Amino acid sequence: HAWGYGAQDGPEKWAESFPVANGPRQSPIDIVPTQAQHDPSLKQLKLKYDPATTKGILNNGHSFQVDFTDDDSSSTLVGGPVIGIYRLRQFHFHWGSSDDKGSEHTIAGTRFPCELHLVHWNTKYPNFGEATSKPDGLAVVGVFLKVRIFSKSISGIAVIKLFQMMDVLCGFVYQIGSANPRLQKVLDALDDIRSKGRQTTFSNFDPKTLLPATLDFWTYEGSLTTPPLLESVTWIVLKDPVSVSPAQMAKFRSLLFTSEGEAPSCMVDNFRPPQPLKGRKVRASFK
Ligand SMILES: NS(=O)(=O)c1nccs1
Ligand SMILES: [Zn+2]
């Protein structure tokens, strides 16, 4: 089942091979904060990650992911909307070709340039593969990344425009706005996995460093956002974004969908657009 994000194999075509694409609990969705219901019975989200479980980093042809060993419960998610213990399996991202799009979930129609997904599976099932087909099999934490250029006056915009022109002219890469130093460790590994199928060593990374200060979240019952689009995900989307710089966004966009030897195709716009809510309720952990 070759699928992708292009005109011939993209989200509008996925239902041909994966009919669940038109199912009742598909993801992502547009989250409308004023329509979300605060649920005081929601527990605090507890994420415990052991950097020693970091296994490696891989370009899988539709994103890149950092994999974790999950043969014990060293890295887990408990609390929040879930019952039981969920183990961290991998994290990956979705991003756009420009800063005005890239996230999968949207907030009242607002799109972010990038979205991080931390994928966990329910230990009531024997392994990740089994869990992916169960209605309570997976819990994915979604985190928005937001490009923050320091607050600017008009003259500031002129300066930025000048810098950006100079950037093109001089070919320098420098950070306008606030780069995220914790994210940089992941991005520095991308040079070794430019093409589909490439993987490289990546160790001792704590995904907690990628999260915002508060873990306020929205939650709803959904699905994988990539084929096979299985309806097995309890989504936990954090309200607060984390920062990313324009230069760091350029690094995401330097990856390729294609393998070495194929005509290169930039890995950008690897996001599925929001899907129909079909009567689902979105709950908020905060007032
Ligand atoms: N984008 S996602 O986190 O829903 C996902 N798709 C496949 C495995 S994990
Ligand atoms: Zn994802």
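Just so you know, these numbers use all the heavy atoms, side chains as well, and skip hydrogens, waters and symmetry mates. Each ligand, and each atom within it, is numbered from 1 in the order the structure gives. Computed from a predicted structure; not experimentally measured. For reference, positions follow the sequence shown, starting with 1.
Residue Val119 touches ligand 1 through its side chain alone, judged by heavy-atom distances below 4.0 Å. Looking at Trp121 against ligand 1, nothing comes within 4.0 Å, counting heavy atoms.
Between the side chains of Asp269 and Ser97, at least one donor-acceptor pair of N or O atoms lies under 3.5 Å.
The number of protein N/O/S atoms found under 2.8 Å from the Zn ion (ligand 2) is 3.
Heavy-atom contacts from other residues, nucleotides or ligands closer than 6.0 Å to CD1 of Ile85 number 12 or fewer. Within 6.0 Å of NZ on Lys281 lie no more than 12 heavy atoms contributed by other residues, nucleotides or ligands.
Protein heavy atom at the shortest distance from atom 3 (O) of ligand 1 is His92 CE1, 3.2 Å. Remark: minimum distance from atom 1 (N) of ligand 1 to any protein heavy atom is reached at Thr225 OG1, 2.7 Å.
Remark: ligand 1 atoms within the under-4.0 Å shell around heavy atoms of His94 are 1 (N). Shown in contact with Leu224 at under 4.0 Å from a heavy atom are these atoms of ligand 1, numbered in order with element: 4 (O), 5 (C), 6 (N), 7 (C), 8 (C), 9 (S).
A distance-only check finds no donor-acceptor pair linking the side chain of Ser259 to the backbone of Glu262 [under 3.5 Å]. The backbone N or O of Trp95 sits less than 3.5 Å from a side-chain atom of Asn270, completing a donor-acceptor pair.
Listed by first and then second residue, the ring-ring contact (aromatic ring centres under 6.0 Å, His included) pairs that reach into residues 254-281 come to none, sequence neighbours excluded. Judged as a ring-ring contact (aromatic ring centres under 6.0 Å, His included), the pairs with a partner in residues 6-45 (not counting sequence neighbours) are, in order, His1-Phe18, Trp3-Trp14, Tyr5-Trp14.
With sequence neighbours left out, the salt bridge (Lys or Arg N to Asp or Glu O under 4.0 Å) criterion links Asp136 to Lys124.
The closest approach between a heavy atom of Phe91 and any atom of ligand 1 is not below 4.0 Å. Residue Arg272 places every heavy atom at 4.0 Å or more from ligand 1.
One finds the OG1 atom of Thr225 at 8.0 Å from the CD atom of Glu115 (value rounded to the nearest 0.5 Å).
For the side-chain contact (heavy atoms from CB on, under 4.5 Å) test with Phe112, the passing option among Lys146, His105, Lys101 is Lys146; the others fail.
Considering backbone and side-chain atoms together, Thr226 places an N or O closer than 3.5 Å to an N or O of ligand 1.
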